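Data block below; observations after.
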Amino acid sequence: MPRIFCIANQKGGVGKTTTTLNLAAGLAQLGQRVLVVDLDPQGNATMGSGVDKRALALSIYDVLLEAAGVADARTRCASGGYDVLGANRELAGAEVELVTLDRRDQRLRDALMSVTSDYDFVLIDCPPSLSLLTLNGLCAAHGVIVPMQCEYFALEGLSDLVNTIKQVHANLNRQLQVIGLLRVMFDARITLQNQVSEQLKAHFGDKVFDTVIPRNVRLAEAPSYGQPGVVFDPGAKGAQAFVAFARELLQRMEKA
Ligand code: ADP
Ligand code: MG
């Protein structure tokens, strides 16, 4: 049974997709079999893996509507060494179409059952909302990894997400837990970021990952080459931090 994790934060632009792709590539380098599920109609995780979202024959949309299985719809990120269940704008329609269907929030979970023996990790890149799509991610997952920037309003946004996770845990998915908070785009020269980082540790203790992902332009450049940063420039500080994060996550899983 793979570990299934959502990369979630209802804010946009906080580093969810960057975390998903680089963690996937980092875990793949450490010998893990990984599936990335793109659950965002923007399709950034798809494109950032070198898969053209406009050319997808089958996507997560078809899977959620039970028109295709995961095994048929997945593609490969050759550079990153992981599989991708891609998304494009079609997925935005699924939100509406799912509402009237039965098991509407369990569709992803049901679909992933058919590929459990193929993977050690499934990483779900969530959209920037607490929508039915995100709910499908949370119902399918064992845990949530929350990337966050250490900014003034970071803690405030976090309470909505933590409440949603609690609700899902209580009502829909007893397995769900917060795996950890990942500090991303961190700039140690900025006093406020250090202060917020300390607050996070005070509030959340060892739920805060030890690894910190620095702000690093090579990570931002990589998607336009269709590669995770970890592969695009392995020597860059950001890439090395993500490999360290993959290693930390594996160690935590062994202890758990
Ligand atoms: P989300 O998926 O939460 O919307 P992204 O992962 O797409 O966020 O990141 C938002 C933007 O910030 C992207 O342009 C991305 O390349 C950039 N970015 C993410 N992480 C870093 C980082 N550590 N250093 C520099 N730029 C980053
Ligand atoms: Mg994204």
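This is a predicted model, so every value here is computed, not measured. Counting convention: from 1, in listed order, for ligands and their atoms alike.
- In this structure the side chain of Tyr119 reaches within 4.5 angstrom of the side chain of Asp83, judged on heavy atoms.
- Considering backbone and side-chain atoms alike, Lys16 places an N or O below 3.5 Å from some N or O of ligand 1.
- Listed by number with element, the atoms of ligand 1 under 4.0 Å from a non-hydrogen atom of Val14 are 1 (P), 3 (O), 8 (O).
- Gln10 is not listed as a side-chain neighbour of Thr164, based on a closest heavy-atom distance of 4.5 Å or more.
- Put simply, the side chain of Ser197 never gets that close to the backbone of Gln193: no donor and acceptor are under 3.5 Å apart.
- Not a single N, O or S atom of Gln42, from either the backbone or the side chain, sits less than 2.8 Å from the Mg ion (ligand 2).
- Counting heavy atoms from C-beta on, the side chains of Asn173 and Leu138 never come closer than 4.5 Å.
- Between Val51 and Asp38, the closest side-chain pair of non-hydrogen atoms is not below 4.5 Å.
- Residue contact check: Gly13 has heavy atoms under 4.0 Å from atoms 1 (P), 3 (O), 4 (O), 8 (O), 10 (C) of ligand 1.
- No side-chain heavy atom of Leu91 sits less than 4.5 Å from a side-chain heavy atom of Ser59.
- Residue Gly12 has no N or O atom closer than 3.5 Å to an N or O atom of ligand 1.
- The shortest N or O to N or O distance between Thr17 and ligand 1 is under 3.5 Å.
- The shell of residues lying under 4.0 angstrom from ligand 1, judged by heavy atoms, includes Gly15.
- Residue Thr18 has at least one heavy-atom neighbour below 4.0 Å for each of these atoms of ligand 1: 5 (P), 6 (O), 9 (O), 15 (C), 19 (C), 20 (N).
- Close approach to Pro214 involves these atoms of ligand 1, each under 4.0 Å from a residue heavy atom: 22 (C), 23 (N), 24 (N).
- Of the protein's heavy atoms, none falls inside 4.0 Å of atom 11 (C) of ligand 1.
- A heavy-atom separation below 4.0 Å is found between Asn216 and ligand 1.
- A salt bridge links Arg74 with Asp118: at least one charged nitrogen is closer than 4.0 Å to a carboxylate oxygen.
- Contact between Pro223 and ligand 1 is absent, with no heavy atom of the residue lying under 4.0 Å from the ligand.
- The shortest contact between atom 26 (N) of ligand 1 and any protein heavy atom is with Ala220 CB, 3.7 Å.
- In this structure, Ala45 has no heavy atom closer than 4.0 Å to ligand 1.
- Atoms of ligand 1 lying under 4.0 Å from at least one heavy atom of Leu219, given by number and element, are 22 (C), 23 (N).
- Between Val217 and ligand 1, a contact under 3.5 Å exists for no N or O pair.
- Looking at Ile179 and Leu249, their side chains come closer than 4.5 Å, going by heavy atoms from C-beta outward.
- By the 30° and 60° cut-offs, the orientation of the rings of Phe232 relative to Tyr225 is parallel.
- In this structure, Gln149 and Arg215 have side chains that are in contact, with non-hydrogen atoms separated by less than 4.5 Å.
- Using a 4.5 Å cut-off on side-chain heavy atoms (C-beta onward), Arg54 and Asn88 make no contact.
- Checking Met185, Glu221, Lys237 against atom 20 (N) of ligand 1, the nearest heavy atom belongs to Met185.
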